[in-house]
Protein chains: 2
Amino acid sequence: MTPHTASQRREQAGMAYDAYLATCPTRQLLDRISDKWVSLLLNALADGPQRYSGLSRKIAGVSQKMLTQTLRALERDGLVCRSVTPSVPVRVDYALTPLGGSLLPVMRAIKDWAEMHIEQVAAARDAYDSRSLGQASLPDNG
Amino acid sequence: MTPHTASQRREQAGMAYDAYLATCPTRQLLDRISDKWVSLLLNALADGPQRYSGLSRKIAGVSQKMLTQTLRALERDGLVCRSVTPSVPVRVDYALTPLGGSLLPVMRAIKDWAEMHIEQVAAARDAYDSRSLGQASLPDNG
DNA sequence: CCGCATCCCACACGATACTG
DNA sequence: CAGTATCGTGTGGGATGCGG
């Protein structure tokens, strides 16, 4: 019963939701939206509704299973809206809901950050890997 | 050779990085930062350097394995800095690098969004699940 | 053809035990 | 305190098969 962490104390103090708590539903939501397919998917829907096959083309390398699975999860969470047009063949469109739209700026920011800083990260990886190699036998004179 | 998607055409047009392309290094970076532990970890380091055990306490429910693994990956990518103080017992501090700091606003935005919209998402889930149940036998009067 | 469900395998994750 | 090593399991993800 005794609170061990600041987070737990904060919860008892009355703060509604805190993603630092393992039991908080926010944690599950954070887990869901912290997903590479989610970020790509929401970004892909930024310009307007898209068909299933259109999304599949736009997001290169996504399997049908993951696309369907991710879309279902986002639909259940109220972030995207699925509309079926009973034509032949059937046409399925996906669009952002207002709730999904409110997340879009964040998802866009993530994707933009990745594209803008990939070179710095690549450089950091090179440096780290070189350092690790040198560390193995201490060729640094000694 | 013919470009199939807008993304592929964009690449040939000269745009350097595009996360929509499966082969683009940005995709891997996006995958790495789109991780629940990464978002919690960077947020946890927002207020300043933290010790390993401090992070372990603050981020409830994270296993040692995932904590170490995530920290190592972030260190390699140049987002966090690991500093060892050779005392007894040894003391290890983790801090955000400037590069990691540039990602912090985004990570904070994600966590904040999750905490702010969890109730709407929960409501959407309820609605979706009820609809799914109703769909089974159509108890909607008929 | 388009959209989606199932099978199967490899990998990632989490729990535990152990080291310096 | 700050990790590393190992094992069992859950999940991601490709290939395949089905309904409309």
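Chain identifiers are assigned alphabetically (A, B, ...) following the order of the sequence lines, protein sequences preceding nucleic acid strands; residue numbering begins at 1 within each chain. Hydrogens, waters and symmetry mates play no part in the numbers below; they use all other heavy atoms, side chains included. Computed from a predicted structure; not experimentally measured.
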Taking for each residue the nucleotide of DNA chain C with the nearest heavy atom, is it K65(A) or L71(A) whose nucleotide lies nearer the 5' end?
L71(A)

Nearest-nucleotide comparison on DNA chain C, the residue closer to the 5′ end among Q69(B) and R72(A)
R72(A)

From the options D35(B), I59(B), V62(B), select the one residue that forms a side-chain contact (heavy atoms from CB on, under 4.5 Å) with L41(B).
I59(B)

How is R51(B) classified with respect to the nucleic acid when contacts are heavy atoms under 4.0 Å: base, sugar-phosphate, or nothing?
sugar-phosphate

What does G61(A) touch in the nucleic acid at a heavy-atom separation under 4.0 angstrom: a base, only the sugar-phosphate, or nothing?
sugar-phosphate

To the nearest 0.5 Å, tell me how far L79(B) CG sits from Y94(B) OH.
14.0 Å

5' precedence on DNA chain D between Q64(A) and V90(A) (nearest-nucleotide basis):
Q64(A)

Starting at [atom1] of [X] and ending at [atom2] of [N], how long is that distance when rounded to a whole Å?
| X | N | atom1 | atom2 | answer |
| --- | --- | --- | --- | --- |
| I59(B) | dC13(C) | CD1 | P | 15 Å |
| Q50(B) | dA2(D) | CD | C1' | 15 Å |
| E75(A) | dG3(C) | CD | C1' | 14 Å |
| K36(A) | dT11(D) | NZ | P | 18 Å |
| Q28(A) | dT11(D) | CD | P | 12 Å |
| D31(B) | dT11(D) | CG | C1' | 14 Å |
| L67(B) | dA2(D) | CG | P | 10 Å |
| R32(B) | dA12(C) | CZ | P | 10 Å |

Do Y20(A) and T26(A) have a side chain donor and acceptor closer than 3.5 Å?
no

Choose from [options] the nucleotide whose nearest atom is closest to any side-chain atom of [X].
| X | options | result |
| --- | --- | --- |
| W37(A) | dA2(D), dG13(D), dG14(C) | dG13(D) |
| S63(A) | dG14(D), dG14(C), dC4(C) | dG14(D) |
| R82(A) | dA2(D), dG13(D), dG3(C) | dG3(C) |

OP1 or OP2 of dC1(C) sitting under 4.0 Å from any side-chain N/O of Y52(A)?
no

So, is S53(A) near the phosphate of dC2(C), with a side-chain N or O under 4.0 Å from OP1 or OP2?
no

Assess whether atom CZ of R32(B) is packed by more than 12 heavy atoms of other residues, nucleotides or ligands within 6.0 Å.
no

Between D18(A) and R27(A), is there a salt bridge with N-O shorter than 4.0 Å?
no

